[in-house]
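Along the sequence shown, residues carry numbers from 1. These figures come from a predicted structure and were not determined experimentally.
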Amino acid sequence: MRKLLLSLISLIICMLMLCSCVYEPDTVKEVDVSGDSADKIQSVNLMANEIVPEGNTANIMRPMSGQSDEQAEAMRSKILNSEDNLNITGTKYYVSSKNGNDENDGLTPETAWATTDAISLNAWNMKKGDAVLFERGCVFRLSSQIFCKEGVSYGAYGKGDKPALYGSPQNYSKAGYWQPSKKKNVWKLSLPLLDAGIVVFNHGEAVGYKQPGLLTLTKNGDFYHNSTDNILYLYLDKGRPNQVYKDIEIGTKCAIFTINSEISDVTIDNICMKYAGNFGVQAIGFHDNITVTNCEIGWIGGSYMTAGLTGRYGNGIQFWDNASNTTVENCWVYQCYDTGITFQGSYYAVYDNVKFINNLLEYHSMSIELWNQKRESYHTKPDGDMRNIEISGNICRFAGYGWGDQRYNPSVTCHIAGGAQYQYFISSMNVCNNIFDLSTHALIIWGYHGDSPKEPDINLSGNTYYQGAGKTKDILSMPGYGWLSATNQSEFSSIVSQIDSSPKEVKWIS
């Protein structure tokens with residue numbers, strides 16, 4: 001009886017101790033996501049294994065020297081060191097891949113979100129005047145493009161390099177990712193994403209060459225994406241890709257930022273955008289007051305526009321079908337498959353008060369492209385129009401020398417391409433004080449439909465022109481002049497004087 005009593009007492013004591021442990025106030029906490037309780041949600045560091053590139057990665061694959069090297073380096077430095085100066089009147093939302101968590105509220109740097117997914121999930125709550133700020137020095141890998149909200153700005157905070165938004169969901173140089181295929185020297189990777197347009201090795205050391213099928217993979221860098229079977233194939237005779245390269249970025253059919261039709265009053269500032277198969281920034285349809293400033297955009301394009309066809313995307317910044325009060329300023333855009341900056345569209349689009357100013361544009365097929373398509377009828381469709389267009393202070397270099405030369409097309413390779421599919425009304429377009437430094441084909445190509453109701457009002461003045469031997473003889477094409485060719489300094493100077501009222505410098509490189 002005594003033993004039974006002692007056992008019962010011991011059991012009661014143990015139960016009391018257990019209860020004491022369960023209800024100890026310091027061991028059970030209600031999670032509070034307010035700014036004052038940041039330490040109660042564990043942050044995540046998504047930067048731990050990132051290989052962040054340093055210096056100028058635009059020219060690693062093909063180093064070149066031009067006549068504007070010093071000016072370009074000064075402009076590049078100015079752009080990369082631009083300060084954050086967004087005018088934010090509403091709520092600020094913070095995103096950090098170093099110490100954020102998508103369970104946070106995003107309202108302070110201490111309670112920042114970790115990924116761009118949180119932006120999409122919380123976009124319904126964002127209003128005009130708000131801003132989404134990405135922490136400098138961070139890399140953000142997108143699982144889907146960011147759809148901009150009306151009146152919302154997207155920028156940076158903190159110290160260090162511009163926040164980098166990658167269209168490549170991950171660094172594909174990891175053990176176990178690549179497996180040998182049945183074809184010699186061809187490796188395969190599981191890639192359940194839309195059409196892969198670009199593969200970049202070691203942030204610009206080399207770039208892949210997109211092929212239409214597995215049998216066409218014959219040289220290092222050739223790749224084919226079977227998006228039906230979700231397999232990417234890569235030819236590489238040096239060994240397993242992840243053992244050859246420390247970093248492999250794959251951009252698929254997606255943009256970094258998309259501004260949908262009738263979304264206006266959007267600013268994108270001080271952001272680095274890379275590795276997307278479509279665009280860095282694309283604005284679709286009617287929009288007003290779009291501003292892109294102080295950004296770095298590189299390694300864009302390559303995805304097929306339509307499955308089975310050869311046409312490919314690849315513009316750094318594109319405004320499609322109507323734009324007004326739009327500015328791209330102080331941006332460094334490089335290595336785009338097609339064009340650095342462009343506005344273009346379908347029938348009867350209007351572009352009014354558009355400025356592309358003080359940008360550094362390098363290694364594109366075209367630095368700047370402007371065009372509308374031909375109208376179906378003079379009398380049944382409104383008139384397309386370009387008016388109050390300013391293209392000034394830009395440094396355009398090495399057209400045709402970028403990775404877009406994989407489909408070299410001399411009919412469009414140039415620094416300024418305009419009216420390529422008929423533009424009927426051009427009023428007050430000023431192309432002034434730019435530097436056009438070397439092209440594999442022409443410096444300026446402007447197509448113009450001769451039966452337009454009025455002459456185009458295009459003013460070229462104060463520009464600098466560098467071109468030379470070893471390049472195609474076709475230098476310029478302008479309305480009323482046709483193709484103008486040169487083979488020496490005298491001929492080059494004579495040509496430029498016909499289209500530029502007061503060129504700053506004209507130099508033929510022998």
Side-chain angles (χ1 to χ4, degrees), residues 52-66 68-82 161-162 164-168 197-208 249 251 255-257 268 270-281 292-302 312-318 328-342 356-369 393-406 413-417 434-440:
V52 180
E54 297 181 359
N56 181 1
T57 62
N59 64 355
I60 300 175
M61 184 178 68
R62 184 177 292 169
M64 289 188 64
S65 179
S68 59
D69 291 352
E70 291 186 7
Q71 298 99 314
E73 179 56 35
M75 179 175 281
R76 187 181 300 110
S77 177
K78 177 176 178 289
I79 294 169
L80 292 178
N81 292 287
S82 300
D161 294 337
K162 298 181 191 297
L165 276 60
Y166 291 175
S168 179
I198 183 172
V199 181
V200 183
F201 304 96
N202 289 349
H203 291 298
E205 181 181 313
V207 65
E249 306 291 345
I256 304 295
F257 287 99
I268 301 172
N270 262 312
I271 293 177
C272 171
M273 295 165 251
K274 292 184 179 180
Y275 315 124
N278 281 15
F279 311 99
V281 177
V292 183
T293 50
N294 307 314
C295 289
E296 174 187 350
I297 302 175
W299 302 108
I300 301 293
R312 301 196 207 172
Y313 291 107
N315 299 329
I317 304 172
Q318 173 177 293
V328 179
E329 182 175 8
N330 203 47
C331 292
W332 177 30
V333 189
Y334 56 87
Q335 292 289 5
C336 293
Y337 185 80
D338 199 31
T339 303
I341 307 173
T342 179
F356 300 158
I357 54 180
N358 301 325
N359 302 290
L360 176 59
L361 308 170
E362 302 180 293
Y363 294 99
H364 309 296
S365 296
M366 292 166 280
S367 297
I368 297 174
E369 181 185 12
N394 304 288
I395 301 178
C396 305
R397 292 155 48 92
F398 314 142
Y401 291 98
W403 78 281
D405 67 354
Q406 293 181 6
T413 302
C414 58
H415 285 307
I416 301 285
N434 304 283
I435 296 176
F436 304 124
D437 192 354
L438 297 182
S439 168
T440 58

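The shortest distance between side-chain heavy atoms of Ile198 and Trp403 falls below 4.5 Å. Proximity of Leu165 to Phe257: side-chain heavy atoms (C-beta onward) are separated by under 4.5 Å at one or more points. Taking 4.5 Å as the limit, every side-chain heavy atom of Glu369 sits out of range of all side-chain heavy atoms of Gln318. A heavy-atom distance below 4.5 Å is not found between the side chains of Val333 and Asn359. Counting heavy atoms from C-beta outward, Gln406 and Arg312 have side chains that approach closer than 4.5 Å. A 4.5 Å side-chain heavy-atom check between Glu73 and Asp69 finds every atom pair outside the cut-off. Looking at heavy atoms from C-beta onward, His203 lies in side-chain contact with Tyr275 at the 4.5 angstrom threshold.
The nearest pair of heavy atoms linking Ser68 to Asp437 is OG-OD2, 2.7 Å. Nearest heavy atoms, Leu438 versus His415: O-NE2, 2.8 Å. Nearest heavy atom pair, residue Lys162 against residue Leu80, reads CE-CA, 3.9 Å.
Looking at Tyr401 and Glu362, their side chains never bring a donor and an acceptor atom within 3.5 Å of each other. If you check the side chains of Asn315 and Thr342, you find no donor sitting under 3.5 Å from an acceptor. Side-chain contact annotation: Asn394 with Ser367, donor-acceptor N/O pair under 3.5 Å absent.
Between Tyr337 and Tyr313, the distance separating the two ring centers is not shorter than 6.0 angstrom. Here Tyr363 and Phe398 bring their ring centres to under 6.0 angstrom of each other.
Summarising the geometry, atom CH2 belonging to Trp332 is positioned 4.0 Å from atom CG belonging to Asn56; distances are rounded to the nearest 0.5 Å.
Side chain of Ser82 to backbone of Ile79: a donor-acceptor contact under 3.5 angstrom is found.
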